[in-house]
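Below is one structure, written out as structure tokens, with a few remarks after it.
Numbers here simply count residues along the sequence, with the first being 1.
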Amino acid sequence: MNKNSSNIMALAPNTSNKRETVCIFGTGDFGRALGHKMIQSGYPVVYGSRSTQISNLIPKDAEVLSHAEAAQKAAIIIIAIQRQHYNFLIPLAEILHGKVLVDISNNLKLNQYPESNAEYLAQLLPGSRVVKAFNTVSAWALQSGTLDASRQVFVCGDDVEAKQMVMNIVRALSLTPLDKGSLLAAQEIENYPLQLFPIWKFPIFLSLGLTAFFFFYCLALDVIYTYIYERNNFSFFIAITIPNRVCPVMALILLALVYLPGIFAAIIQLYRGTKYRRFPDWLDKWMLCRKQLGLIALAFASLHVVFTLVTPMRAFVSWRTSKGIISQVLNNKTEPLSNTNAWISDSYLALGILGFFLFVLLGITSLPSVSNNVNWREFRFVQSKLGYLALILCTAHTLVYGGKWFLSPSAYKWYLPNIYILALIVPCAVLVVKFVLIFPCVDKPLTQIRQGWERNPKHSEQSNYIINKSAV
């Protein structure tokens, strides 16, 4: 079956064209779901089972035979059983010779066995053509029509023709095949479903650590210190006040951490005078998780907006407002409006709104459905130019709001700076260094380096030779 016909079938799975029979070994949840999906796509399906009795769980249009009889009726056999039961296939080696065996199994933990399940299957049946596929798709995804689940199917195998046959089936099921190469990639494919947010681990752990630090930092200054020295019980600050201070601080610091590795990369390239040398591993990993750091920062910024909107409804705010009004009435004195304070208040609110708007724009642009529809220059303009503008606005928002505490002695409780002062350290450092990097005397050589110019070409060629040799 050629590639063009498979594409047509993927668009119209119920076409009248005759499809090849597919055999499925195993009548578990995934085997039944996959068989039902194949029947809907026009494939004749035969199940190989220990029991040939028809069950009401089996798709009604499918045939159930013994393993040997079912294998003889199909060129493609899907092994929907666990690795520990593969031994029953050894007596069927002659029947399975030359047939395509699709291993869809997963393990219970990462690298559970020395070799992948697909490689082990190939060792048991050396005459068969083993392909790894479908292990990243769940039975629920097949039953729900893949509308609310991933449509991507990783495929690998040593036989190109067998792999193409399996990929044609994947397309016919309205799924998207992704060729991962030879069967050596099976270990990676089998580990993929067992990983829990692998790219998100560092951003999440970093965020949790910083959140805990800033939370207890505010707890010590705003609750414990006040209770010890002023005998005021502000323990209710734990619910809204402290989170509403931690969230903007976290959002600003994480946004700065998104652009900080780019600063380090520029400095390293300027120092080395070439772009043909690898960055340190810690910088590579940091740069790969910038998107996740940005999305977590957006989540903190959104929480800050919500906490701020509910602030007028708090009992503490109502009490403080009424206390101020009563104080003016008792003193028969009305405090005049301060234009300076009004300007400061409106300015930091306007800066916060604009910064949050650009923050949301950055988050939307990072979505695959959006980023796939813009070219590289547009994506870079939003993520770099508008990203730095968002960092400037958010830093200015914090500076206008918390700048008054820099020179106020009362703000340094236990000789510790206010949380907003700490929040400005990283973003201000990023912006200052970035401002230096855009000077023509610095930007011009950096641009030349990124376009391929080298200060010491011989040293670079030697480094490339060492890298390429080690890769081979």
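Once rounded to the nearest 0.5 Å, the distance linking CD of Glu190 with CG of Asn106 reads 7.0 Å. With rounding to the nearest 0.5 Å, the separation of CD1 in Ile76 from CD1 in Ile24 is 11.0 Å. Within the model, atoms CZ of Phe216 and OG1 of Thr211 stand 11.0 Å from one another, a figure rounded to the nearest 0.5 Å. The structure places CG of Leu260 at 11.5 Å from CG of Leu255, a figure rounded to the nearest 0.5 Å. Between the CZ atom of Phe357 and the CG atom of Leu386 there is a distance of 9.0 Å, given to the nearest 0.5 Å. In this structure, the separation between CG on Asp159 and OG on Ser182 is 12.5 Å, given to the nearest 0.5 Å.
Residues Tyr420 and Leu399 fail the side-chain proximity criterion, which asks for heavy atoms closer than 4.5 Å. Residues Leu424 and Thr395 meet the side-chain proximity criterion, which asks for heavy atoms closer than 4.5 Å. Contact check for Arg129 versus Leu101: no side-chain heavy atoms found under the 4.5 Å cut-off. The side-chain heavy atoms of Cys156 and Val131, taken from C-beta on, include no pair separated by under 4.5 Å. Contact annotation: the side chain of Leu358 approaches that of Leu389 to within less than 4.5 Å [non-hydrogen atoms, C-beta and beyond]. With a 4.5 Å cut-off on side-chain heavy atoms, Val45 and Glu63 do not count as touching. Residues Leu178 and Val155 fail the side-chain proximity criterion, which asks for heavy atoms closer than 4.5 Å. You'll find the side chain of Ile58 reaches within 4.5 Å of the side chain of Val64, heavy atoms only.
A pairwise comparison of heavy atoms in Tyr47 and Gly35 identifies OH-CA, 3.3 Å as the closest pair. Of all the heavy atoms in Ile104 and Ala133, the pair that sits closest is CG2-O, 3.1 Å. The two atoms that bring Leu295 and Ser366 nearest to each other are CD2-OG, 3.7 Å, heavy atoms only. Contact detail for Val100 and Ala162: the closest heavy-atom pair is CG2-CB, 3.7 Å. Minimum interatomic distance between Pro261 and Met287 (heavy atoms only, all atoms of both residues): CB-CG, 3.7 Å. In this structure, Ala71 and Cys23 approach most closely via the heavy-atom pair N-SG, 4.2 Å.
Under the 3.5 Å distance criterion, the side-chain polar atoms of Ser128 are left unmatched by any main-chain donor or acceptor of Val130. Of the possible donor and acceptor atoms, none in the side chain of Lys275 sits under 3.5 Å from a partner among the backbone N and O of Trp453. Distance alone, capped at 3.5 Å, is enough to place a donor-acceptor pair between the Lys99 side chain and the Ala74 backbone. Side-chain N or O atoms of Glu69 include none that pairs as donor or acceptor with a backbone N or O of Leu65 at under 3.5 Å. A donor-acceptor pair under 3.5 Å is absent between the side-chain atoms of Gln269 and the main chain of Arg450, judged by distance alone. Put simply, the side chain of Arg19 gets close to the backbone of Ser41: a donor and an acceptor are under 3.5 Å apart.
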Show your working on side chain to side chain contact (heavy atoms under 4.5 Å, CB included) between Thr365 and Leu361 and close with a plain yes or no.
-> CA-CA 6 Å; Thr365 311; Leu361 183 62; 4.3 Å; yes
Let me see the working for Glu119 and Lys132 under salt bridge (charged side-chain N to carboxylate O under 4.0 Å, His left out), right down to the final yes or no.
-> CA-CA 9 Å; Glu119 291 174 303; Lys132 185 73 183 185; over 6 Å; no
Working for side chain to side chain contact (heavy atoms under 4.5 Å, CB included), residues Val249 and Leu422 = CA-CA 8 Å; Val249 168; Leu422 296 178; over 6 Å; no
Please report the C-alpha distance between Phe134 and Leu173 in whole Å, then the side-chain angles of each, then the deciding distance to 0.1 Å, and finally whether the side chain to side chain contact (heavy atoms under 4.5 Å, CB included) criterion is met.
-> CA-CA 11 Å; Phe134 290 112; Leu173 300 184; 3.9 Å; yes
Candidate pair Leu89 and Leu124, rule side chain to side chain contact (heavy atoms under 4.5 Å, CB included), full reasoning = CA-CA 8 Å; Leu89 297 170; Leu124 288 179; 6.0 Å; no
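A 6.0 Å sphere centred on CH2 of Trp282 holds more than 12 heavy atoms belonging to other residues, nucleotides or ligands. Enclosure of atom CZ in Phe88 by more than 12 non-hydrogen atoms of other residues, nucleotides or ligands within 6.0 angstrom is indicated. Glu188 CD: 12 or fewer foreign heavy atoms inside a 6.0 Å radius. The environment of Glu161 atom CD is sparse: at most 12 non-hydrogen atoms of other residues, nucleotides or ligands sit within 6.0 angstrom. Around CG of Leu108, the count of heavy atoms belonging to other residues, nucleotides or ligands within 6.0 Å does not exceed 12. Other residues, nucleotides and ligands contribute only 12 or fewer heavy atoms inside 6.0 Å of the CZ atom of Arg380. Within a 6.0 Å sphere centred on OH of Tyr271, heavy atoms belonging to other residues, nucleotides or ligands number 12 at most.
Under 3.5 Å, the side chains of Tyr86 and Asp103 contain a donor-acceptor pair of N or O atoms. A side-chain donor from one of Gln187 and Asn111 sits under 3.5 Å from a side-chain acceptor of the other.
Using a 30° and 60° split on the angle between ring planes, Phe25 and His67 fall in the perpendicular class, above 60°. Ring pair Tyr217/Phe213 is tilted by interplanar angle, where 30° to 60° counts as tilted. Aromatic ring orientation, Tyr259 versus Tyr388: tilted (interplanar angle from 30° to 60°).
Aromatic ring centres of Tyr120 and Tyr113 lie farther apart than the 6.0 Å criterion allows.
Taking 4.0 Å as the cut-off between side-chain N and carboxylate O, Glu115 and Arg83 count as a salt-bridged pair.
Taking the centre and axis of the six-membered ring of Phe214, the NZ or CZ atom of Arg245 falls outside the cone set by 45° and 6.0 Å.
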